[in-house]
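Worth knowing before you read on, the calculation uses all heavy atoms, side chains too, and leaves out hydrogens, waters and symmetry mates.
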Amino acid sequence: MMMSQASQVNDPADVSIDLDTIQAMDETERQAFLSSLPWQPVSIDDFKALSKEEQLFRIRHSAAHIMADAVQHVRPGTSFATGPATEHGFFYDMVSPEPLTNDDLETIQSHIDQITAAKHAFEFATIPKADARRLFKGLGQRHKQDILTKIPTDDVTLYRHGDFLDLCAGPHVPLTSICANMKVLNLSASHWRGEAVPSLTRLTGTAWAKDKDLSRYLEFLEESKKRDHRVLGPQLDLFSFHPWASGALWHPHGVTLRHTLMDFWRKTIYNKDYQEILNPQLYRKDLFETSGHWDHYQENMFIFRDEQNEPDFVLKPMNCPDTMLYYKTKLRSYKELPLRIAEGQILHRNEASGAIHGIMRTRNFVQDDAHVFLTTEHVHAEVQQLMGMIDELYGLFDLTYTVSLSTRPDDYMGEKHVWDEAERALEEALQSTGKAFEIDEGEGAFYGPKVDIHIQDSLGRRWQCGTIQLDFQLPERFDLTYIAQDGSHQRPIVVHRAIFGSFDRFVGILIEHLGGAFPTWLAPIQVTVLPIADRHADYARQVAQQLTDQGIRVDVDTASETVNNRIRLSETAKVPYALVVGDREAEEGTVSIRKYSEGQKGVKPVAEFVADIKQLVDSKAFDVAVKSYKELFENVAAGVKLEKQDY
RNA sequence: GCCGGUGUAGCUCAAUGGUAGAGCAACGGUUUUGUAAACCGUAGGUUGCGGGUUCGAGUCCCAUCACCGGCACCA
C-alpha cells in the first residue's frame, strides 16, 4: 500500500558472448548434425503415470510448441522467444517478418488441427551449448540465441515433433494428438526481457485434457464477457464512462451500492476499535519528500506547479503520510497502542494509460484504508484480528482467497533483527489462524514484510485486494514516538492494512463474481412492486411505503406496460424481489412474491414479507446462486509451478 | 508509456468509394393487463475529433483522442 518496490533489475548475462562471432550452421551441416543425435521419444508410460495436474501442464506446454509449429508454416522465418504453460492455457512470444493479424488465427488453427491429427511423436536430445548456439544461429532464431546466454549449464535439451525443433527444457507429451483439445485464442503484445522496444507478438491459446473441458472453458470465456463490469455496470445503471473522465461517473444505483458497502465497512471497523479521520487531498510536496514518495513514487503522483513552474502541491496518492501527521498532533502514550486510524478518502494516482481498466484500475479511487500504530508485541494479535475480519468479510460474498507472506528483500531498510522479529510475528500469527499460506521469499516491500490476500472469484481469477504490511520506515521518517511505561521515548511500528483493497475495485469484482445479481442487502433496488392494473397503484404505493419505512429500497412500476413486460424488466434489472399486486392482494392485504431468477414464491401478508426481507437484509444473507467455473482452475492452483517453464 | 486492434442513433449491429438503415430503448397515442417482450405512430446522426486524396469518403491515407487485447506497473 505504500510505495512500489524498486523496479526489477534484469539478470545480467551469465556469460558475455559476442553473438556475432558464432559461426552459423548451414543447412547441410544442420541436417547431418540433427540426424547424428541420439533422439529419445517421450515415454507414454511415464506420461500416463503422472498426476492430472502434471499431465495438463505438459499438454499446455506441448500445445505451445504445436502452435509455434503452425506459425512456422504461416510465417516462415519467425523467431520464437518463450512459450510457457499458463494458468488457463499457454502462449508463445515471437517476432515474424510480416506481423500476424487476427485474420491469420483461423489459418493457424487449421494447421494446429492437422498437426494434432498427424500424431507426431515428441522426441528430445541433449547437446552441448556451443552446438546449440551455432544451430539456432543457422536457423535465424535470435531469441533462442539470447536465451542460450542465460542458461548456466553446459548442455541444453532440444525437443522436436514433426518438422518443428525447439530449444526447450521440457517436459512434453509423447504425441501431438494428446493436445487435440487446444484452441488459439488471441493476439497481443509483450516485451522481450521487459524492454520496451522492440516488442514481441504474443499468441495465446488454451488446451485441455478432454474436449468437454475445452468447451466448458470456451463457455467460461463467453460468460466472462457477459459479466464484464464494464458492460454490466452501465447496463445496470451503476456507473458510466466518458472519454473526458478519469474513472467512472457513479450513478445513483452505483452510489447506493458503494455506500451500503462503505457503511458496512465503517460498522465493522468501529466495532474493532478503529477511529476515522478525514484529511485533505491536496498537500505541499514537503509531506511526500518526508515520506519518501517524492523519491519513490513521483511519476505516479499528480503534481501542481506554481507561477515559477516549480512543483508545489500534490494530490495524495496514499493515506499513510498524512496519517503520520495526525499521530504527531499530540504526545502518545503506550496506553493508546494499538492505535487504529482509518481513512476512506479519495486517492489520486497517475497510472500509465495502458494500466487503466474500468473501475478495477483507475486514477482516482477510495481504499478501505487504515493504519495501526503498535509495538512488536502487538503484531501477533493484530494480524490475527485482521485475518479474522478478512475471513468474515470475504465469506459474506462467497469469495475464497489465498494468503501469501512476503519476506525481507535484498534492498531492505532497517535492522535485520527487527525484520526477523516482525516476520516471525507475522508467520506465527498466520499459523495460528490455521489458514494455509505461501511464503514469497524476498518479495516483501523494502520498508517491511507483508501479508497479501488474493481473492479468487467465481470465474477463477485472482485479484490482490487485502493487504497487511508492516512498516518501520514511516515512523522513522516522521520521527514518531510514544512514551513507554518507563518514561522513555519509543518508536512505534505502523501496520498498513486494507481488506476490500479499494471500494471501486471491490465493486467491480462483486459485479463480475455475481454477474450483477447482488444479494438482497446490497442490491440498489431491493423490491419492485407491480400493480396489475392502474386501479391497484394506490395499494402498490401503500405496500412500498411499508417497505420504505423499514429502510428497504423499493421501486413501484406503474408504467403502461403489460405485467409480463414489467416482470421482465425487473428480472433484467436483477432486482431481488418483484411483488405483484392485483384485486386479490389488495383485498387480503397480501403480496404475490417473485424472487429473481427463481420465479413465484407464493402469497404472503405484507407484514410477513416485510419481516422476511428485513431479516435477510439485517443478516446480510448471501441469497443468490453464483454460477461458478472454479473447478476449471482448481487443478492448476493445486501447485504446479507454472512460471518456472521459461523456454 | 509500449505493441496490435476497434470507433456508425442511448444500446446491439447493417450499409461495392455513389441518397447513412434495422431492432431494442426514448417520446406520443391506444390498451388496464395475473408472473420474462401488447398495438400504432413520431423523433433520433457533422459516422470519436481534425486534416488529406477524390467529381464524390462511414468506407482510402495521415494525425489525434478514447476504448479493447496484452506487456510493463499496481489497490
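- Listed by chain and number, the residues in a side-chain contact (heavy atoms from CB on, under 4.5 Å) with A/I277 are A/N279, A/T323, A/Y326, A/I341, A/E343 (sequence neighbours excluded).
- For the pair A/R505 and A/W463, the NZ or CZ position fails the cation-pi test of under 6.0 Å to the six-membered ring centre and within 45 degrees of the ring normal.
- The side-chain contact (heavy atoms from CB on, under 4.5 Å) test applied to A/A68 returns A/F80, A/Y92, A/F164, not counting sequence neighbours.
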Check your understanding: In B/S/- notation, 5' to 3', how is nucleotides 24-34 of chain B contacted by protein heavy atoms closer than 4.0 Å?
Key -> ------BBBBB
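- Take A/F500 and apply the ring-ring contact (aromatic ring centres under 6.0 Å, His included) test, not counting sequence neighbours, and it matches A/F503, A/F506.
- A donor and an acceptor atom, one from each side chain of A/T407 and A/E441, are located under 3.5 Å apart.
- Looking only at atom types and distance, the side chain of A/D93 has a donor-acceptor partner in the side chain of A/S190 under 3.5 Å away.
- Counting any heavy atom pair closer than 4.0 Å across all strands shown, A/Q464 reaches sugar-phosphate atoms only and no base atom.
- Taking the C1' atom of each, B/A72 and B/G1 are spaced 9 Å apart, rounded to whole Å.
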Please write out the pairs of protein N or O atoms and N or O atoms of nucleotides 64-68 of chain B separated by less than 3.5 Å, giving the distance to one decimal.
unit_1, atom_1, unit_2, atom_2, d
B/C68, OP1, A/R230, NH1, 2.7

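- Mapping A/T572 and A/A352 onto RNA chain B via the closest heavy atom, the residue that lands nearer the 5' end is A/A352.
- Rounding to whole angstrom units, CZ of residue A/R361 and P of B/G1 are separated by 14 Å.
- In summary, A/E222 and A/K225 engage in a salt bridge, as defined by a charged side-chain N under 4.0 Å from a carboxylate O.
- One atom, CZ of A/R363, and another, C1' of B/A75, lie 15 Å apart when rounded to the nearest Å.
- Spacing of P atoms, B/G58 relative to B/G51, comes out at 14 Å, to the nearest Å.
- Straight-line distance from the CG atom of A/L200 to the P atom of B/C71: 12 Å, rounded to whole Å.
- Under the rule for a salt bridge (charged side-chain N to carboxylate O under 4.0 Å, His left out), A/D623 has no partner lying at least two apart in sequence or in another chain.
- Taking atom P in both B/C2 and B/A75, the straight-line distance is 23 Å, to the nearest Å.
- Under the side-chain contact (heavy atoms from CB on, under 4.5 Å) criterion, A/Y274 pairs with A/I269, A/K272, A/R340, A/A342, A/A370, A/V372, A/E382, A/Q385, A/L386, A/R497, not counting sequence neighbours.
- Nucleotide B/A75 holds its P atom 7 Å from the CD atom of A/Q469, rounded to whole Å.
- Going from the C1' atom of B/U8 to that of B/G44 covers 14 Å, rounded to whole Å.
- Comparing A/C465 and A/G599, the nucleotide of RNA chain B nearest to each residue sits closer to the 5' end for A/G599.
- Residues satisfying the side chain to side chain donor-acceptor pair (under 3.5 Å) criterion with A/D368, sequence neighbours excluded, are absent altogether.
- Every residue two or more places apart in sequence or in another chain that forms a side chain to side chain donor-acceptor pair (under 3.5 Å) with A/H143 is listed here: A/S79.
- Atom NE2 of A/H191 and atom C1' of B/G69 are 13 Å apart (whole Å).
- Of the P atoms belonging to B/A38 and B/C13, the separation is 24 Å, rounded to the nearest Å.
- Taking atom P in both B/A66 and B/G48, one finds a spacing of 16 Å when rounded to whole Å.
- The side-chain contact (heavy atoms from CB on, under 4.5 Å) test applied to A/T260 returns A/T256, A/W521, A/L522, A/R553, not counting sequence neighbours.
- The separation between A/L530 atom CG and B/U35 atom P is 12 Å, rounded to whole Å.
- Atom CG of A/L100 is separated from atom C1' of B/G69 by 15 Å (rounded to the nearest Å).
- When rounded to the nearest whole Å, the span between CD1 of A/I453 and C1' of B/C74 equals 17 Å.
- Using a 4.0 Å heavy-atom criterion, one finds that A/R202 contacts the sugar-phosphate atoms exclusively.
- Taking a pair as Watson-Crick or G-U wobble with both distances under 3.5 Å, the runs of three or more consecutive pairs in RNA chain B are B:1-7 with B:65-71, B:10-13 with B:21-24, B:26-30 with B:38-42, B:50-52 with B:60-62.
- As rounded to the nearest Å, B/G41 and B/A25 have P atoms that lie 15 Å from one another.
- Among the atoms of the strands shown, base atoms are found under 4.0 Å from some heavy atom of A/T362.
- The residue A/E351 sits close to a base: some heavy atom pair falls under 4.0 Å.
- Only the C1' atoms considered, B/U64 is 25 Å distant from B/G56, to the nearest whole Å.
- Every residue two or more places apart in sequence or in another chain was checked for a salt bridge (charged side-chain N to carboxylate O under 4.0 Å, His left out) with A/D557, and none qualifies.
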